[in-house]
Amino acid sequence: MQIFYKIPGYILLLFGGFCLSWGGFIIRSFEEATVWQILLLRSVFFMIALMFFLIATYKKNTIKIIKDAGFPAVLGGLVMSLSFIAFVVSMSITTVANVVFIISTQTMFLAIFGYFYLKEKVSLIGSSSIFLAMSGILIMVGDSISTGSLFGNLVALVIPINFAIYVMIIRKNSNLDMVPAMLYSGIFSLIYGAILSKSFEFTSHDLFMGFLLGVPQLALGFICITIGSRTTASATVGLLMLMETLCGPLWVWLFLNEIPPISVFIGGAVIISAIILKSFDKKHSKT
């Protein structure tokens, strides 16, 4: 599993965003499970996948790596566990387009937090690409943002803010392997789901959906993001993570017949342009 650490950060972040983009589609595909049961299943499979990754990567040093990550990993795990709750809840009460639009504001939060907390300067190209990307998001789901519930949108806002905080913790502790932070996030969210679930009975279909949500969507996605964020500037992380925003509405359109307006395709083209523009910003990007 050490191969993950040899892959360039920007590739890991793009692939991580692609994995996360399936979340809305998978959550919509559950048959009977409640929000808290979905959170519980997701957390169980997520923790199993994380333990497998840690053991396969570090073998007998696994416990030492977890201990060495220390309090920053615990704090990062707590922050991300709240995002896990917000993701499942918001996806169940508002549109996929609305949620991914709000998630995409992580670009803004990452740049702002990076400027104030890590003293990372944002170049003219970086600022322009952020503005261009945010414009693309506004175009892409501008027609659908009004159809989502206010509460669902407010809950979804927890996701980009907490993700930005999580990346700040990773960047501030770049000397530490912060993958254990994701293990802690799974432990916390498992506790939430176990306490709030009224039943522990699941259909075989929902168990399989829980596996897809916990392993390839969440575990693989955040392993890539956690490792990739160690060596990638905050503003660049946010731009690359727009892969999730670009693909999320596409999957529910293709497989659940939620047909997005033409604005989705126009906005998607603008987002890709922003990512291409940011690739020319070598001076302020660590990759």
Side-chain angles (χ1 to χ4, degrees), residues 19-53 66 71 73-103 106 148-166 169 179-223 225-226 244 248 252 256:
C19 291
L20 294 183
S21 70
W22 290 90
F25 166 73
I26 298 173
I27 288 176
R28 296 292 181 81
S29 300
F30 278 85
E31 290 179 335
E32 301 177 6
T34 65
V35 168
W36 303 116
Q37 287 178 318
I38 292 174
L39 179 66
L40 176 62
L41 286 176
R42 190 191 201 207
S43 302
V44 169
F45 285 110
F46 174 65
M47 284 184 60
I48 293 173
L50 255 294
M51 283 304 302
F52 174 80
F53 175 82
I66 295 175
F71 179 73
V74 176
L75 180 60
L78 177 61
V79 167
M80 284 309 301
S81 69
L82 299 178
S83 289
F84 292 169
I85 293 177
F87 182 83
V88 175
V89 172
S90 61
M91 279 293 186
S92 67
I93 58 178
T94 191
T95 65
V96 172
N98 280 27
V99 175
V100 296
F101 163 71
I102 293 170
I103 289 176
Q106 63 196 6
S149 73
L150 175 61
F151 179 69
N153 292 339
L154 290 176
V155 171
L157 189 60
V158 172
I159 303 170
I161 293 175
N162 281 25
F163 177 76
I165 294 172
Y166 176 65
I169 295 172
V179 172
M182 301 313 301
L183 179 63
Y184 289 123
S185 69
I187 293 173
F188 287 128
S189 58
L190 174 63
I191 293 172
Y192 308 147
I195 292 174
L196 296 171
S197 293
K198 295 182 179 180
S199 171
F200 299 106
E201 295 182 0
F202 306 96
T203 65
S204 57
H205 173 84
D206 284 355
L207 284 171
F208 180 62
M209 289 298 106
F211 166 78
L212 292 180
L213 200 60
V215 181
Q217 189 265 338
L218 187 62
L220 182 57
F222 267 102
I223 286 171
I225 290 167
T226 300
E244 178 183 5
V252 293
L256 298 178

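Here, residue 1 is the first one in the sequence, and each next residue gets the next number. Predicted, not measured: the structure shown is a model, and the values here were computed from it.
Of the inter-residue distances, the one linking Met80 atom CE with Ile225 atom CD1 reads 7.5 Å to the nearest 0.5 angstrom. Distance check: Leu157 CG to Ile103 CD1 gives 10.5 Å after rounding to the nearest 0.5 Å. Taken to the nearest 0.5 Å, the OG1 atom of Thr94 stands 11.5 Å off from the CZ atom of Phe101. If you take CZ on Phe188 and CG on Leu183, they are separated by 10.0 Å, rounding to the nearest 0.5 Å. For the atom pair CD1 (Ile26) and CZ (Phe208), the distance works out to 9.0 Å, reported to the nearest 0.5 Å. Expressed to the nearest 0.5 Å, how far CD1 of Ile195 lies from CG of Leu40 amounts to 11.0 Å.
Under a 3.5 Å cut-off, the side chain of Asn162 and the backbone N or O of Val79 do form a donor-acceptor pair. The backbone N or O of Ala86 lies less than 3.5 Å from a partner atom in the side chain of Ser90, making a donor-acceptor pair.
Ile38 has its side chain out of reach of Phe202: every pair of non-hydrogen atoms, C-beta onward, lies at least 4.5 Å apart. Residues Val44 and Leu190 are in side-chain contact: their nearest non-hydrogen atoms beyond the backbone lie under 4.5 Å apart. In this structure the side chain of Ser199 reaches within 4.5 angstrom of the side chain of Gln37, judged on heavy atoms. Leu50 has its side chain out of reach of Phe222: every pair of non-hydrogen atoms, C-beta onward, lies at least 4.5 Å apart. Using a 4.5 Å cut-off on side-chain heavy atoms (C-beta onward), Leu212 and Gln217 make no contact.
Closest non-hydrogen pair, Val35 versus Ser92, comes out as CG2-OG, 3.4 Å. Residue Ala49 comes nearest to Ala219 through the heavy atom pair CB-CB, 3.6 Å, listed as atom of the first residue, atom of the second, then distance. Residues Ile27 and Met91 approach most closely at CD1-CB, 3.8 Å, considering heavy atoms. For the residue pair Gly221 and Cys19, the shortest heavy atom distance occurs at CA-CB, 3.7 Å. A pairwise comparison of heavy atoms in Ser83 and Val158 identifies OG-O, 3.9 Å as the closest pair.
Aromatic rings of Phe46 and Phe84 (six-membered ring for Trp) have centroids within the 6.0 Å cut-off, being under it.
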Requested in this report: Could you check Ser81 against Tyr184 for side chain to side chain donor-acceptor pair (under 3.5 Å), going step by step and ending with a plain yes or no?
Outcome: CA-CA 8 Å; Ser81 69; Tyr184 289 123; over 6 Å; no
Report task. Start with the C-alpha gap between Thr34 and Lys198, add the side-chain angles, then the distance that decides, and say whether side-chain contact (heavy atoms from CB on, under 4.5 Å) holds. Result -> CA-CA 9 Å; Thr34 65; Lys198 295 182 179 180; over 6 Å; no
Report task. Report the C-alpha separation of Leu213 and Phe45 in whole Å, then their side-chain angles, then the decisive distance to 0.1 Å, and conclude whether the side-chain contact (heavy atoms from CB on, under 4.5 Å) test is met. Result -> CA-CA 8 Å; Leu213 200 60; Phe45 285 110; over 6 Å; no
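Other residues, nucleotides and ligands place more than 12 heavy atoms under 6.0 Å from the OH atom of Tyr192. Within a 6.0 Å sphere centred on CZ of Phe71, other residues, nucleotides and ligands contribute 12 heavy atoms or fewer.
The stretch residues 25-34 participates, sequence neighbours left out, in these salt bridge (charged side-chain N to carboxylate O under 4.0 Å, His left out) pairs: Arg28-Glu258.
Ring geometry for Phe163 against Tyr166 counts as tilted: the plane angle lies between 30° and 60°, on a 0 to 90° scale.
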